[in-house]
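Let me begin by presenting the structure, written as structure tokens, before commenting on it.
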Amino acid sequence: MLVYIFPIVLCLFGILIYDRYFYKSGNILYYFIVAYLAILAGLSYRVGSDSGFYMDSYTQIPTIDELTVKSLSNSEYQPLYLLLCTFCKYFENEIWLLHLVQSSIVCFSFSYFLRKYSSWKFTGLLLFSLFIYPYFCYEIYKESLAVSCFLLGYPYLQKNKYIKYYIFAFLGIGFHLSAILIFAVPFIQGLKFNYKYLLWLGVATFFYISLLKFVPFLITSEYVIGKVDYYTLSLTKKINENWYIDSSLRNILVPLSVSLWYKFRKQNLTFEWAFCVYVILGCGTLGFALLFERPLNYFLPFIVVALVKIIEQERLSIRHVRMTTFSIVLVFWLAARGLFYIRSEIWRLLIPYESIFTENVNAKRENVVYEIHPH
């Protein structure tokens with residue numbers, strides 16, 4: 001538990017000394033925290049619900065001598081992820097090196113993105129460690145790399161350097177197919193909460209209603225159909241009235257309320273388009289369960305940085321906290337990640353922390369993993 005508390009304490013110290021009073025730059029402390037988070041995740045052992053799966057599948061990754069064009073095309077992994085695994089396996093047969101590289105890319109890409117769009121970097125690191133870090137660095141190895149490509153390429157999009165931006169988009173697809181979303185961002189980053197947005201919601205609703213009806217005719221790949229079935233039909237047993245209420249609150253009402261609150265207070269809402277997309281995808285989760293929850297990961301970093309900008313504008317301090325902003329950030333954290341980890345025994349996925357140096361298998365954590373992934 002202390003290994004998770006330590007970077008949070010350092011972030012709070014950085015907020016008080018550097019963000020609030022701008023005492024020097026604080027870059028050494030900033031990058032120390034980033035490196036610490038990356039190493040902590042990279043050297044973990046069976047922490048998270050998918051770590052065991054990645055460990056097992058890593059043993060099937062071909063070595064450099066075994067790698068062929070056919071193996072690249074036939075693999076269940078995207079080419080760049082497979083190549084990254086093969087490269088890491090050349091130096092180390094155990095998965096920890098791959099995990100260290102993956103977590104480093106995630107942590108440093110977000111730190112770069114944060115520095116580009118906010119001066120309150122320690123506040124951003126604190127929110128990153130609460131909103132993004134546990135899921136991106138302990139759960140979704142492949143997709144988090146695709147999101148990292150998005151974060152690294154987005155500044156080029158804002159400078160209208162489309163070739164460089166799309167290079168990162170193609171790199172993202174090389175890690176995870178869901179990165180196809182990145183190609184749509186140039187056309188949707190002008191979204192705002194206005195009357196035109198109602199039209200977008202209408203189009204999205206029509207698309208959601210039509211999707212399941214036409215999927216069997218548009219997709220012939222058994223692998224892709226299997227994925228659609230898993231994220232829709234196979235999850236119906238877990239879906240009830242409470243689930244719809246929970247999903248509506250987490251993915252629609254909370255982000256919509258936060259964005260509209262600040263927009264109509266006549267404040268500039270950083271990355272307003274990301275909030276708009278988040279709500280549209282959130283509506284999709286009501287009919288398609290987790291199929292539309294995964295794409296939310298691409299826009300959550302933008303919303304986290306937007307929350308940092310809100311805090312920066314409010315000029316929060318330890319002595320005089322503006323409870324409205326604090327409450328909104330807390331509620332958004334609970335909606336995005338917090339409720340998942342604090343409910344039942346899901347917290348056991350992260351606690352206690354185990355490292356590759358001890359390789360201790362925590363029985364209670366394994367039971368929780370089995371409940372989540374019984375297959």
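Both Ile39 and Phe357 belong to a single network of hydrophobic side chains, linked directly or stepwise wherever heavy atoms of I, L, V, M, F, W or Y lie under 4.5 Å apart. Hydrophobic cluster membership differs between Leu201 and Tyr195, with clusters built from Ile, Leu, Val, Met, Phe, Trp and Tyr side chains linked at under 4.5 angstrom. There is no path of hydrophobic side-chain contacts, each under 4.5 Å, that joins Ile28 to Val9. Transitive grouping of hydrophobic side chains (ILVMFWY, heavy atoms separated by less than 4.5 Å) keeps Val203 and Phe193 in distinct clusters. Using a 4.5 Å cut-off between side-chain heavy atoms of Ile, Leu, Val, Met, Phe, Trp and Tyr, with links allowed through other members, Ile5 and Phe131 fall into the same hydrophobic cluster.
Ring pair Tyr141/His99 is parallel by interplanar angle, where below 30° counts as parallel and above 60° as perpendicular. Phe299 and Trp273 have perpendicular rings, their planes meeting at more than 60° on a 0 to 90° scale where under 30° would count as parallel. By the 30° and 60° cut-offs, the orientation of the rings of Tyr154 relative to Phe113 is perpendicular. Relative ring orientation between Phe183 and Phe170 is described as perpendicular, the plane-to-plane angle rising above 60° on a 0-90° scale split at 30° and 60°.
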Apply side chain to side chain contact (heavy atoms under 4.5 Å, CB included) to residues Val369 and Arg348 and explain how you reach the verdict. CA-CA 9 Å; Val369 171; Arg348 293 189 186 278; over 6 Å; no

Starting from the C-alpha separation in whole Å, work towards a yes-or-no answer on ring pair (Phe, Tyr, Trp, His ring centres under 6.0 Å) for Tyr138 and Tyr133. CA-CA 8 Å; Tyr138 294 94; Tyr133 174 71; 5.3 Å; yes

Please step through side chain to side chain contact (heavy atoms under 4.5 Å, CB included) for the pair Tyr165 and Ile182, ending with a clear verdict. CA-CA 9 Å; Tyr165 171 76; Ile182 302 175; 2.9 Å; yes

Test log, rule side chain to side chain contact (heavy atoms under 4.5 Å, CB included), inputs Lys159 and Lys164: CA-CA 10 Å; Lys159 297 177 181 178; Lys164 291 183 178 180; over 6 Å; no

Working note: Asn251 + Leu281, criterion side chain to side chain contact (heavy atoms under 4.5 Å, CB included); need CA distance, chi angles, decisive distance, verdict. CA-CA 8 Å; Asn251 300 324; Leu281 293 174; over 6 Å; no

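The shortest non-hydrogen separation linking Phe275 to Ala306 is CE1-CB, 3.6 Å. Of all the heavy atoms in Pro134 and Ser129, the pair that sits closest is CD-O, 3.3 Å. What you find for Glu139 and Ser49 is that their closest heavy atoms are OE1-OG, 2.5 Å.
In the model, Asn160 has a side-chain atom that pairs as donor or acceptor with a side-chain atom of Tyr162 under 3.5 Å. Arg115 and Asn27 form a side-chain donor-acceptor contact under 3.5 Å, judged by distance and modelled atom types alone.
Under the 4.5 Å side-chain criterion, counting only non-hydrogen atoms from C-beta, Phe128 is not in contact with Val34. Contact of the Val305 side chain with the Phe302 side chain is not registered, since no non-hydrogen atoms from C-beta on lie closer than 4.5 Å. Counting heavy atoms from C-beta outward, Leu145 and His176 have side chains that stay 4.5 Å or more apart. In this structure the side chain of Ile61 never reaches within 4.5 angstrom of the side chain of Ser57, judged on heavy atoms. Looking at heavy atoms from C-beta onward, Tyr45 lies out of side-chain contact with Asn360 at the 4.5 angstrom threshold. At a threshold of 4.5 Å between non-hydrogen side-chain atoms, the residues Tyr197 and Ile280 count as touching. Using a 4.5 Å heavy-atom threshold, the side chains of Ile310 and Leu269 count as touching. The side-chain heavy atoms of Val277 and Tyr298, taken from C-beta on, include no pair separated by under 4.5 Å.
Checking side-chain atoms of Ser118 against main-chain N and O of Leu114 turns up no donor-acceptor pair under 3.5 Å. Although no hydrogens or angles enter the test, the distance criterion places a donor-acceptor pair under 3.5 Å between the side chain of Tyr30 and the main chain of Ser111. For Tyr4 (side chain) and Leu350 (main-chain N/O), a donor-acceptor pair under 3.5 Å exists by modelled atom type. Without hydrogens or angle criteria, Glu359 side chain to Arg46 main chain gives no donor-acceptor distance under 3.5 Å. Side-chain atoms of Thr86 come within 3.5 Å of backbone atoms of Pro62 as a donor-acceptor pair (strictly under, hydrogens ignored). Between the side chain of Tyr353 and the main chain of Leu2, no donor-acceptor pair closer than 3.5 Å is present. Using modelled atom types, no side-chain atom of Trp96 and backbone atom of Ile356 make a donor-acceptor pair closer than 3.5 Å. A donor-acceptor distance shorter than 3.5 angstrom exists from the side chain of Lys89 to the backbone of Tyr58, with no hydrogens or angles considered. A donor-acceptor contact shorter than 3.5 Å links the side chain of Asn297 to the backbone of Arg294.
Put simply, CD1 on Ile15 and CG on Leu126 are 4.5 Å apart, with the number rounded to the nearest 0.5 Å. Atoms CD1 and CG, from Ile105 and Leu100 in turn, are 10.0 Å apart once rounded to the nearest 0.5 Å. One finds the CD1 atom of Ile132 at 4.5 Å from the CG atom of Leu300 (value rounded to the nearest 0.5 Å). Atom CG of residue Leu43 and atom CD of residue Glu354 lie 13.5 Å apart, to the nearest 0.5 angstrom.
Side-chain rings of Phe150 and Phe175 stay apart, their centers remaining 6.0 Å or farther from each other. Ring centroids of Phe271 and Tyr117 are separated by less than 6.0 Å, placing the two rings close together. Taking the centre of each ring, Phe91 and Phe87 come in below the 6.0 Å mark.
Test Ile252, Leu256, Leu296 against Tyr278 for side-chain contact (heavy atoms from CB on, under 4.5 Å) and you get one pass: Leu296.
At most 12 heavy atoms of other shown residues, nucleotides or ligands fall within 6.0 angstrom of atom CD1 in Ile163.
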